[in-house]
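Residues: numbered from 1 along the sequence shown. These values consider heavy atoms only, across backbone and side chains, with no hydrogens, waters or symmetry-generated copies.
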Amino acid sequence: MQRYEMFIDGESRKATGGEWFPTDNPYLGAPWAEIAQGTEQDVDDAVRAAHRALHTGPWAELTASARGALLRRLGDTIAANARRLAETEAAATRPSSSGTSPRASA
């Protein structure tokens with residue numbers, strides 16, 4: 001089964017607690033992947049990394065116009081992949097055969 005680590009400070013990493021949780025494909029009603037279960041330490045690390053990136057990384061040195069250009073590029077990338085993203089989201093949120101909403105139990 002595929003495992004997805006966390007992405008913190010530019011690197012993929014396992015949760016500090018070493019725990020994983022399964023995520024189900026609601027359409028099939030079966031697990032399809034395991035996700036790293038973050039801890040309070042992982043959250044703190046992610047917040048510190050985000051703060052550092054915002055205030056001291058390359059983003060902080062960009063002009064507003066350059067940031068805007070990057071955000072437009074991101075929007076273009078999302079638009080170019082909209083069908084794939086929609087199909088992925090639909091599969092992730094489709095009610096199971098029992099008729100219950102996968103998010104209602106979360």
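- For residues 39-48, every residue pair satisfying the salt bridge (charged side-chain N to carboxylate O under 4.0 Å, His left out) rule, not counting sequence neighbours, is listed here: Arg13-Asp42, Arg13-Asp45, Asp45-Arg48.
- Looking at Pro31 and Met1, their side chains come closer than 4.5 Å, going by heavy atoms from C-beta outward.
- Hydrophobic side-chain contacts under 4.5 Å tie Ile35 into a cluster, directly or through other members, with Tyr4, Phe21, Trp32.
- Under the side-chain contact (heavy atoms from CB on, under 4.5 Å) criterion, Thr63 pairs with Ser65, Ala66, sequence neighbours left out.
- Members clustered with Trp20: none, using a 4.5 Å side-chain heavy-atom cutoff among hydrophobic residues.
- For Ile8 against Ala49, the heavy-atom pair with the smallest separation is CG2-CB, 4.3 Å.
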Show the atom names and distances, to 0.1 Å, of all donor-acceptor pairs under 3.5 Å that link a side chain in residues 70-80 to residues at least two apart or in another chain.
from: Arg72; atom 1: NH1; to: Gly68; atom 2: O; distance (Å): 3.4
from: Thr77; atom 1: OG1; to: Arg73; atom 2: O; distance (Å): 3.0

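- Here ring-ring contact (aromatic ring centres under 6.0 Å, His included) pairs that include residues 35-64, with residues two or more places apart or in two chains, are His51-His55.
- Sorted by first and then second residue, the pairs that involve residues 51-71 and meet salt bridge (charged side-chain N to carboxylate O under 4.0 Å, His left out), not counting sequence neighbours, are Asp9-Arg52.
- Applying the ring-ring contact (aromatic ring centres under 6.0 Å, His included) rule to pairs touching residues 63-87 yields nothing, sequence neighbours excluded.
- Cluster partners of Val43, by chain and number: Val47. The rule joins Ile, Leu, Val, Met, Phe, Trp and Tyr whenever side-chain heavy atoms lie under 4.5 Å apart.
- Here Glu19 pairs with Gln37 under the side-chain contact (heavy atoms from CB on, under 4.5 Å) rule; sequence neighbours left out.
- Each ring-ring contact (aromatic ring centres under 6.0 Å, His included) pair with one or both residues in residues 62-84, not counting sequence neighbours, would appear here, but there are none.
- Considering CZ of Arg3 and NZ of Lys14, their distance stands at 8.0 Å, rounded to 0.5 Å.
- Residues passing the salt bridge (Lys or Arg N to Asp or Glu O under 4.0 Å) test with Arg84, sequence neighbours excluded: none.
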